[in-house]
J.: 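Sharing a structure here in C-alpha cells format.
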Amino acid sequence: MPLQLHRSPPAAPPGPDVFMPFMDIAVSMSGGGFRSAAYGLGCLSYLQRRKYEGIPLLERVKFIIAASGGAMTGILFSAHNHLGIPFSKTYDQLRNNIFAGDKILREAARIVRDDSAWKDNPTKNRNTINAFAKAYQKLAFDGLTFDVYTQNKKRTLEQVCFNASELENGRAFRFETDGWDTTEEILGNRYLRVRDNNLPAVKKLRLGDIMAASSCFPAGFEPMVFPDDFAYDEEHKKQLQAEMEAARNYDWESYIPFNGSVALMDGGITDNQGIEGLKLANDRRLKAHGRGYDLNLICDVANYFMDPFEPLKEEKSWWSGLKLATIINAHKYAYVIFGVSVVMILTNILPDLAWILATVSAIMFALFLFGRYALLRKPDSVAANTQNEIPRAKESMWDLPVSLFIDFFLQNPLSKTEMMLKVRIRSALRVAMEIYLLQIRRINYDSLYTNPEWAYKTKAVSIYELSKSNENVLQRQFERKKFDAERIKLLTPSTPIMNVAETARQMGTTLWFPKMDKSSETNVRDSLIACGQFNMCYNLLEYILQIEEYYPTVLHDAGWQLLKKEILEDWARFQLEPEFMVEDFDSLV
C-alpha cells in the first residue's frame with residue numbers, strides 16, 4: 001500500500017489533505033537556452049536512476065511543463081515517452097547528438113539561405129526563428145507532430161505543457177494536452193485560444209515549430225506568427241484560423257472569432273519556471289481526482305546573480321568635440337556643390353560624376369532644410385501655452401520635450417550624446433532582461449511557498465544552489481532552517497561539486513554549445529548535465545530529511561528507507577566524483 005501522509009488543516013478540497021511522497025510527480029523545466037536543456041536532462045536522468053517501491057522516479061512523473069530552452073529536453077523526453085522509447089535513448093540523443101556543439105545553429109544558418117528549403121511552406125515567414133524551427137524539426141524531433149501525444153495510452157506521462165508568450169495580451173500561450181480526444185482542452189489561454197486542441201489541424205502542428213515559439217527570446221529572434229508560421233499551406237492556415245477565438249472584453253464566459261494572427265515569443269517572458277502552468281494543472285487534477293501532485297520539482301537555471309551595473313565613462317576620440325549642429329550647418333553649403341554639378345552636366349564634363357554629385361548634394365541640402373525647419377520648429381502648442389491656452393488634442397506627447405531639449409542635443413558633443421544613448425539602452429535591457437524576469441520569478445515562487453496546498457510538496461532544484469558563488473548563502477540557509485552540525489556536514493557540497501556547479505552556472509543563454517574539447521577538464525555540456533544530476537540528488541535528500549522531521553512515520557517505511565539509503569550513497573559518490581553518471585549513464589541505471 002502506498003505511503004499516505006495526512007497534513008494539518010487547511011485541507012485541500014474536495015478531498016482530505018493527503019499526499020503520498022514520490023507517488024505522482026510533476027516536473028517543470030525553466031527557460032535558459034541549452035543551459036536549461038542540458039541541466040534538465042541531468043535532472044531527469046537522476047530521477048531515472050533511483051526507484052521507489054520498484055518503480056523509477058522518472059516513471060512516476062505524470063506532468064511535465066517546460067519553457068524556452070528547457071522545452072528542448074521536455075518535448076523530446078515526452079514525445080519518446082509516448083512512443084515507448086526508453087529514456088536511455090533520449091539521453092543519448094540529446095547529449096551526444098543534439099547537444100554536440102553548434103550543429104543546430106549551423107543548420108539554421110544553411111536553411112535561411114537556401115531558397116528550396118522554403119518552397120514547401122508558403123505561409124511561413126523566411127527569417128531566422130523559422131530557420132531554427134526547421135532545424136529543430138529535422139535534427140531534434142525527426143518530423144514528429146503534436147499528434148504524438150495521442151499515441152501509446154500506456155505511457156507514464158499523463159499531461160504535457162510547453163509555454164510560449166503571446167504579445168496580444170501579454171499572457172502565456174500554452175501548447176498542452178493529455179492526449180485524450182474526450183478531454184475538452186484549448187491551445188493558448190483564457191484570453192486568446194484555439195478552442196479545441198484535439199482537432200486534426202492542431203494535431204498536425206510540428207514539434208519544431210512549438211520549440212521555436214517557446215524559445216524565440218526578444219532581440220535575438222523575430223516573433224513566431226500563429227497560425228501563419230505553423231501552417232503547412234493556406235488550407236491548413238484557414239483550418240487553424242477558423243478555430244481561433246478571443247475573450248469578448250476579457251470576459252472568459254463569452255468569446256468571439258479571432259480572425260487575425262498573433263505574435264508568439266519566448267515562454268520565459270511570462271512564466272519562465274512554469275509555475276503558473278504547474279498550478280493550473282494541479283488544480284485540474286484536484287477537481288478530476290480529488291488530489292493534486294504529490295511532489296513538484298522545479299528545475300530552474302535562472303540566477304539571482306547579476307553583474308555590477310557600473311556607470312559608463314566617456315571615451316575620447318577624434319570626433320569627440322563634433323556637434324550635430326555643426327554637421328547640419330555644413331549641409332547648407334551643399335547648394336554650391338549642386339550648382340557646380342549642374343554646370344558640369346550642361347557642359348558635359350564628367351557627366352557620371354556630375355550626376356552623383358548632384359544627387360548627393362540635393363540630399364544633403366534637403367537634410368539641412370529638414371533639420372532647420374522641422375526639428376527646430378516650435379510646436380504650435382508651445383506658443384499656445386505662452387498665452388495660457390489649452391494645447392490642441394493633436395499635439396504629440398513628444399512635441400514639448402523635443403522643443404525644449406533639441407537645442408541642448410544639437411550643441412552637445414556627439415561623444416556625450418552617444419554615451420547618454422548607451423546608458424539608456426543598457427539600463428533598459430537590464431530592467432527588461434534581468435530585473436523584470438527576476439521579479440516575476442520571485443512573485444511566482446512566493447505564490448507557491450505561501451500556499452498551504454504546496455507545503456512539503458514543492459522542491460526547487462536550482463542550478464546555482466551548490467555553486468562556489470552561493471557557498472555563503474547556502475550556509476546561511478542551513479542556519480535559518482536550524483540544521484544541526486551533523487546535517488550541515490552531510491549537506492555541505494565538496495569543492496569538486498562547487499567547481500562543476502560554478503562552471504554550469506556561468507554558461508550564457510544560447511541555443512547551441514561551443515565546440516567541445518574532449519581533452520578539456522571543463523566540458524560545459526557535461527558540467528551542466530552533472531550539475532542537474534547531483535543537484536537533484538541533493539534536493540531529494542534534503543526533501544527526505546525534511547519529510548522525516550515532520551512525519552516520523554516514514555522512518556518505518558521500508559521503501560522510503562531503501563530510497564534514502566541509495567540517495568545517501570549517491571551523494572557520497574557525487575562529493576568525490578561529480579560527473580560519475582554523465583559518461584556511463586546506461587550502465588548506472
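Residue indices begin at 1 and follow the sequence shown. Just the heavy atoms: all of them, side chains too, but no hydrogens, waters or symmetry mates, feed the values below.
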J.: Side chains of Ser214 and Asp266 only: does a donor on one sit below 3.5 Å from an acceptor on the other?
T.: no
J.: Using the salt bridge (charged side-chain N to carboxylate O under 4.0 Å, His left out) rule, pick out the option among Glu168, Glu184, Glu245, Glu176 that qualifies with Arg193.
T.: Glu245
J.: Sequence neighbours left out, what passes side chain to side chain donor-acceptor pair (under 3.5 Å) with His236? Give chain and number order.
T.: none
J.: Taking side-chain hydrogen bond (donor to acceptor under 3.5 Å, both in side chains) as the criterion, tell me which of Thr145, Asp147, Asn197, Asp181 meets it with Lys203.
T.: Asp181
J.: In Å, rounded to the nearest 0.5 Å, how long is the span from CD1 of Ile64 to CD1 of Ile25?
T.: 11.5 Å
J.: Run the salt-bridge test on Asp229 and Arg206 with the 4.0 Å N-O cut-off and return the result as yes or no.
T.: no
J.: Check side-chain contact (heavy atoms from CB on, under 4.5 Å) between Pro86 and all other residues, then give those that pass, not counting sequence neighbours.
T.: Ser88, Lys89
J.: Can you list the residues that meet the side chain to side chain donor-acceptor pair (under 3.5 Å) rule with Glu158, with sequence neighbours excluded?
T.: Arg285
J.: For a side-chain hydrogen bond (donor to acceptor under 3.5 Å, both in side chains) with Thr183, tell me which candidate from Asp178, Thr177, Asn198 qualifies.
T.: Asp178
J.: So, using side chain to side chain donor-acceptor pair (under 3.5 Å) as the criterion, who are the partners of Asn189 when residues are at least two apart?
T.: Glu166
J.: Considering residues at least two apart in sequence or located in another chain, which fulfil the side-chain contact (heavy atoms from CB on, under 4.5 Å) criterion with Ser28?
T.: Ile65, Ile298
J.: Using the side chain to side chain donor-acceptor pair (under 3.5 Å) criterion, which residues pair with Thr509? Sequence neighbours excluded.
T.: Arg35
